[in-house]
> 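The structure is given below, and queries will be raised subsequently.
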Protein chains: 2
Amino acid sequence: MGTTQLESVPEPKYWHLKTVISEALDSDFAVGEILPNERELAARFGVARATLRQALEQLELEGRLQRRRGVGTTVAPPRMGVDVSTTQHQWPGTGEESWQSVDCAVATPPAAVARLLDADTDETVHVVRRLRVSGGQPVAAELLYVPASSVPELSAIENPSGPGRARAVLRELQRRVLDGQDRAVELGSARADDAKELDRLPGAPVLVVTTRYLSEGRTAAVSVATYRADTCRLTFGDSGDLVMAS
Amino acid sequence: MGTTQLESVPEPKYWHLKTVISEALDSDFAVGEILPNERELAARFGVARATLRQALEQLELEGRLQRRRGVGTTVAPPRMGVDVSTTQHQWPGTGEESWQSVDCAVATPPAAVARLLDADTDETVHVVRRLRVSGGQPVAAELLYVPASSVPELSAIENPSGPGRARAVLRELQRRVLDGQDRAVELGSARADDAKELDRLPGAPVLVVTTRYLSEGRTAAVSVATYRADTCRLTFGDSGDLVMAS
DNA sequence: TAGTGGTCTAGACCACTCC
DNA sequence: GAGTGGTCTAGACCACTAA
């Protein structure tokens, strides 16, 4: 311990543990390799299991580890870059094959969404559920809220209420003029239903991407997409080359 | 409980607690109000303190609560929207007053940054430290890595090595042509030094925004900005219509 | 059925803030 | 010094996965 410094600032044990394990991951383990179980690791480091877990939790938060109940703790691959740029101003589901529609229902929006839509909480909206898959893994679950008034033609359509209906809503949307969109990213924790589709436990950390689609001076749709924070790096590729040709 | 369903899926206690407290926050508490302390809350709900803390941690992660050691747990205000859009393609520190330069050093970049710079790990870079303040609060800490080769004139400049030097580096950068930039957002945990400037504990969840600045066909600078995930919502205002002039 | 991570408990002590 | 949240312990049991 040549460099230790009279430990005037006692580092928490779990923090130190995290550093040690992190370095071990870099040097001694390969991606996908399985670590010793928590009880053994705790014993090996001479700490309580809860303390060891605190370190593992941090490393999982940083995308270094992946833990699965009943299986074990494995070394995670580097996060995958997921493009969420608004390349051109496009309605959802336009050119992309990465999203697949799951189903579609009619409901009243939650308060936060209603606020974004400038709508009342009791106005009915189509709720399209979609799943984004990348590299064979589900990376995001989305709820797309489309007020009935944004796609009035749809009331005439028959009602399969499944993926077909979802695609119908998207098709109707795409016939409209998209004036613009704005987007926000924040940290959240996965709701039970999203967690299930993302193959995570409820409460898992997620990056919530909220998008407002503007058409004819109003908000025509709102998308709330929750990305797995452990496996995803959201990329915005604004790389210079004339973003707009207006 | 008319709707309960034979509790075939036993919800974890902390998850249920989180829901209960969350609803209480909506109805019974005002922003800034201080909650009963953890020991009392745990007793009131009939759970161990650790379990109660698990619920509070989640709520803090979601930006609903703010906890400060030695003080207490308070109801957090709604997250503030922080603009991180690349409105026009601009070098850092161009029009904005929200960032203030802290200092500047010369060092070799960490491996991850060197990779983005297409540089060797032993090439020297200027490291500019900046702090972003919004609403009277520090919201982000940034390290801007500028390879010495990107601003060759600077070697001639005298060396105050403080905020003055930082501004000199930025000034030199701004004289160059900016071809484009790309950006990524991911979840991280605050390093000790960032945590200190952000007035958080080490390991606090942060949103890490990595920006590459491209000039003359190469990466001229890399910025790594860590935003407080509890208080910030990152906004990207791509609102179609040429950014308004009203 | 054996082994894994996830939840929970009831304590203890520490670091910090404020009076 | 009193009171807060932060860390840590040594157990226990549960839910899940895979052989």
Side-chain angles (χ1 to χ4, degrees), chain A residues 7-19 21 32-61 64-76 189-190 192 195-196 199-205 230, chain B residues 7-19 21 32-61 64-76 189-190 192 195-196 199-205 230:
Chain A
E7 64 164 319
S8 54
V9 180
E11 213 173 30
K13 270 190 191 175
Y14 77 91
W15 187 260
H16 182 238
L17 255 186
K18 182 192 135 183
T19 309
I21 297 175
E33 200 171 344
I34 187 166
L35 267 63
N37 71 55
E38 297 184 347
R39 289 161 179 88
E40 181 178 334
L41 278 179
R44 190 179 297 186
F45 288 113
V47 299
R49 192 176 152 220
T51 305
L52 187 266
R53 278 179 62 82
Q54 223 175 327
L56 295 186
E57 258 150 42
Q58 284 253 358
L59 289 169
E60 191 177 28
L61 201 77
R64 307 286 314 272
L65 292 179
Q66 184 158 0
R67 299 193 288 172
R68 273 173 305 170
R69 167 157 49 178
V71 180
T73 302
T74 56
V75 180
S189 50
K196 199 172 171 187
D199 193 28
R200 301 256 59 199
L201 291 177
D230 55 342
Chain B
E7 65 164 320
S8 54
V9 179
E11 213 173 30
K13 269 190 190 176
Y14 78 90
W15 187 261
H16 182 237
L17 255 185
K18 182 192 135 184
T19 310
I21 297 175
E33 199 171 342
I34 187 166
L35 266 63
N37 71 55
E38 297 184 349
R39 289 161 179 87
E40 182 178 334
L41 279 178
R44 191 179 297 187
F45 288 113
V47 299
R49 190 175 156 223
T51 305
L52 186 267
R53 278 179 62 81
Q54 225 176 326
L56 295 186
E57 258 150 41
Q58 284 253 0
L59 289 168
E60 190 176 29
L61 202 76
R64 307 285 316 270
L65 292 179
Q66 184 157 2
R67 300 192 287 173
R68 272 173 308 170
R69 169 159 42 180
V71 180
T73 302
T74 55
V75 180
S189 51
K196 199 171 171 188
D199 194 26
R200 301 255 61 198
L201 289 178
D230 56 342

> Hey, does A:Arg68 reach any base, or is it just sugar-phosphate, or nothing, if we go heavy atoms under 4.0 Å?
sugar-phosphate
> Within a strict 4.5 Å, meaning less than it, do heavy atoms of the B:Ser189 and A:Lys18 side chains meet?
yes
> Touch check for B:Leu56, heavy atoms < 4.0 angstrom, all strands: base, sugar-phosphate only, or nothing?
nothing
> Rounded to the nearest Å, what distance is computed from the CD atom of residue B:Gln66 to the P atom of nucleotide C:dT17?
14 Å
> I'd like to check A:Asn37 versus A:Thr73 (side-chain heavy atoms, cut-off strictly below 4.5 Å). Are they in contact?
no
> With heavy atoms under 4.0 Å as the rule, sort B:Arg49 into base, sugar-phosphate or nothing.
base
> Using a 6.0 Å cut-off, check whether atom CZ of A:Arg68 has over 12 heavy atoms from anything other than its own residue.
no
> For B:Glu38 and A:Arg39, take the nucleotide of DNA chain D holding the closest heavy atom to each; which residue's nucleotide lies nearer the 5' end?
B:Glu38
> First and last nucleotide of DNA chain D touching chain B, 5' to 3', heavy-atom cut-off 4.0 Å?
D:dG3 to D:dA15
> If you assign A:Ala50 and A:Arg69 each to the DNA chain C nucleotide with the nearest heavy atom, which residue ends up on the more 5' nucleotide?
A:Arg69
> C:dG3 C1' sits how many Å from A:Ile34 CD1, rounded?
10 Å
> Would you mind reading off the distance between A:Trp15 atom CH2 and C:dA15 atom P, rounded to a whole angstrom?
17 Å
> So among B:Val71, B:Thr74, B:Leu59, which one has a side-chain contact (heavy atoms from CB on, under 4.5 Å) with B:Gln66?
B:Thr74
> So, do B:Trp15 and B:Gln58 sit near enough that their side-chain heavy atoms are less than 4.5 Å apart?
yes
> Can you list everything that forms a side chain to side chain contact (heavy atoms under 4.5 Å, CB included) with A:Glu60? Sequence neighbours excluded, please.
A:Arg67, A:Arg200
